[in-house]
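A, B, ... follow the sequence lines: proteins, then strands. Residue 1 opens every chain.
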There are 2 protein chains.
Amino acid sequence: MATTLRIVEVEKLKNACSACSLHELCLPAGLSAAELQSVDQLIDRRRSVKRGDYLFRSGAALHSLYAIRSGFIKSCVLHEDGREQVAGFHMMGDLMGLDAIGTNQHLCDAVALEDSEVCEIPLKELEGMSRNIPSLQQHFHRIMSQEIARDYGVMLLLGSMRAEERLAAFLLNLSQRFSARGYSATEFHLRMTREEIGSYLGLKLETVSRTLSRFQAQGLIAVQNKHLRILSLDNLRELVSHHSCRS
Amino acid sequence: MATTLRIVEVEKLKNACSACSLHELCLPAGLSAAELQSVDQLIDRRRSVKRGDYLFRSGAALHSLYAIRSGFIKSCVLHEDGREQVAGFHMMGDLMGLDAIGTNQHLCDAVALEDSEVCEIPLKELEGMSRNIPSLQQHFHRIMSQEIARDYGVMLLLGSMRAEERLAAFLLNLSQRFSARGYSATEFHLRMTREEIGSYLGLKLETVSRTLSRFQAQGLIAVQNKHLRILSLDNLRELVSHHSCRS
DNA sequence: ATTGAAGTTTGACGCAGATCAAAACGGGGG
DNA sequence: CCCCCGTTTTGATCTGCGTCAAACTTCAAT
């Protein structure tokens, strides 16, 4: 009896934001210790998603937002005629499902690219709590706004950059995000295929592969399959901003 | 004395959401009459923006969100190296400035394409009020979410459609939005230049022009300068979804 | 009305990236 | 350990759209 209770408590503690190393990055960023404890009660359960499995599918009803605890998840928008496009790659600390609030239906598929863990955050309860905790409300708004800002960046990339620039911008973006999470900014594992990168960047997989090879030949990076090392962040940055064409 | 007071009151009334024909479309959509009156107090002033003028500029501090009362406004993301891209075209009932909440700085320019009027909505006060009016909070979240959903659509368009499809999707989107505002779904005025359309769609103005000409030759539309008439919504729709290529 | 600047259309041509093809690689399951 | 299938690389060729150019239209300013 006592043991069972104990397990439940430990379970809760394990799920708690206050015990999570991501709480400075994730939804509760910037909350006081007391507020953090309230937010703990939001997380009704953790869920693990195996590589290749769906976290949610386009069209499904929205119950919860999902904060990624660990792993790597892609989101794909689908066109009615079957075309699909990767809309984003998400990693720990990211919040998924924001696009579904407007219609109460998910508009994209979320597929794990590696075994992942997410925290389920029921939207209604988040809304309720954010009415009482202004800093939670603010931070939630910030997160939604940052998603919009990110999308604007992708639009710029898709609408006015050449293949080389897109790839360079993509690698720099990954680098920056890994770095913000305490990992190496210059050496990491690409968890997605060339085709998925291409889909995200509006390119074909052959173009992605060729461009990576070119970068390697130019000494900008070292790629071996999915293992990537950036040899010159500066040169990559230059590539993104300076490159002439496509006024 | 009495006259002055009177003018102030009339002024307030004119600004009031409760008297605005857009209140079913705009921020206060779905609120009760009583709630609507609270929201009236949010709108601290109206502002008019002449054609060509900036509503706000990239980098400027965020004070308020802007609800468009009338007119037509484009938003442009800028790349450090001077490239710029139209990120959206906004019309009455739309809420602008959402991308700035994350950083408290606007990330895009907003330029009026025709003389326009906007309602200024101070963010802090909106946040405060939405803590007390759950349906306002919900609707605000919905609006942000819909902006994300719209962006996903643009990403799909830019990443995986050919020029014809992009243009057709663009025209259908305008059609649908005009129609939702009580205007004709098949006949309207394009307030933006071919170059701005191109920028939004990731195409050059020549391609936009040629494609419009082709649509006209095929009997899908009638264009004369900025005046546009859609002759077959169905055929345009078919063009967007069915067209073969670019798996 | 006149003039100029900005916007639009149309044609000819070139190229970045798509498509097709085939070989090489790698890693997970028996 | 080997086999197999999905992924990646690389080459050859094709094409949609960009680029350059020139004529035309529209509209605002004088």
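In terms of phosphate contacts, A/S213 brings a side-chain nitrogen or oxygen within less than 4.0 Å of OP1 or OP2 of D/dT10. Checking the phosphate oxygens (OP1, OP2) of C/dG27, no side-chain nitrogen or oxygen of A/K226 falls inside 4.0 Å. Contact annotation: B/T207 side-chain N/O to D/dC17 OP1/OP2 distance is not under 4.0 Å.
The distance from atom CD1 of B/I221 to atom P of C/dT9 is 10 Å, rounded to the nearest whole Å. Between B/K204 atom NZ and D/dC17 atom P there is a gap of 14 Å when expressed in whole angstrom units. In this structure, CG of B/L167 is placed 13 Å from P of C/dT8, rounded to the nearest angstrom. If you measure from atom CZ of A/R194 to atom P of C/dA18, you get 16 Å, rounded to the nearest angstrom. Nucleotide D/dC17 holds its P atom 13 Å from the CG atom of B/L158, rounded to whole Å. Straight-line distance from the CD atom of B/E206 to the P atom of D/dG16: 18 Å, rounded to whole Å. For the pair A/E195 CD and C/dA18 C1', the computed distance is 14 Å after rounding to whole Å. Distance A/L212 CG to D/dT8 P: 10 Å, rounded to the nearest Å.
Checked against ring pair (Phe, Tyr, Trp, His ring centres under 6.0 Å), A/H63 has no partners two or more places apart in sequence or in another chain. In this structure B/S75 satisfies the side chain to side chain donor-acceptor pair (under 3.5 Å) test together with B/H90, sequence neighbours excluded. Under the side-chain contact (heavy atoms from CB on, under 4.5 Å) criterion, B/N104 pairs with B/L62, not counting sequence neighbours. With sequence neighbours left out, A/E117 forms a side chain to side chain donor-acceptor pair (under 3.5 Å) with A/R46. Applying the side chain to side chain donor-acceptor pair (under 3.5 Å) test to A/R57 and every residue at least two apart in sequence or in another chain returns nothing. Partners of A/A67 according to the side-chain contact (heavy atoms from CB on, under 4.5 Å) rule, which considers only residues two or more places apart in sequence or in another chain, are A/C26, A/L95, A/C119, A/I121.
Using a 4.0 Å cut-off between a side-chain N of Lys or Arg and a carboxylate O of Asp or Glu, A/R191 and A/E114 qualify as a salt bridge. A salt bridge links A/D234 with A/R237: at least one charged nitrogen is closer than 4.0 Å to a carboxylate oxygen. Salt-bridge check for A/D94 with A/R177: passed, with a basic side-chain N closer than 4.0 Å to an acidic carboxylate O.
Comparing the start and finish of the helix from C/dA1-D/dT30 to C/dG30-D/dC1, five pairs each, the helix axis swings through 50°, to the nearest 10 degrees.
Listed by first and then second residue, the side-chain hydrogen bond (donor to acceptor under 3.5 Å, both in side chains) pairs that reach into residues 217-229 of chain A are A/E187-A/H227, sequence neighbours excluded. Sequence neighbours left out, the pairs with a member in residues 205-216 of chain A that pass side-chain hydrogen bond (donor to acceptor under 3.5 Å, both in side chains) are A/E164-A/R214. Sorted by first and then second residue, the pairs that involve residues 171-210 of chain B and meet ring pair (Phe, Tyr, Trp, His ring centres under 6.0 Å), not counting sequence neighbours, are B/F89-B/Y200, B/F170-B/Y200, B/F178-B/F188.
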Just by protein heavy atoms under 4.0 Å, how would nucleotides 22-30 of chain D read 5' to 3' in B, S and -?
----S----

Between the protein and nucleotides 12-15 of chain D, list every N/O to N/O distance that falls short of 3.5 Å.
residue: D/dA12; atom: N6; partner: A/R210; partner atom: NH2; Å: 3.2

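B/S209 comes within 4.0 angstrom of a nucleotide base, judged by non-hydrogen atoms across all strands.
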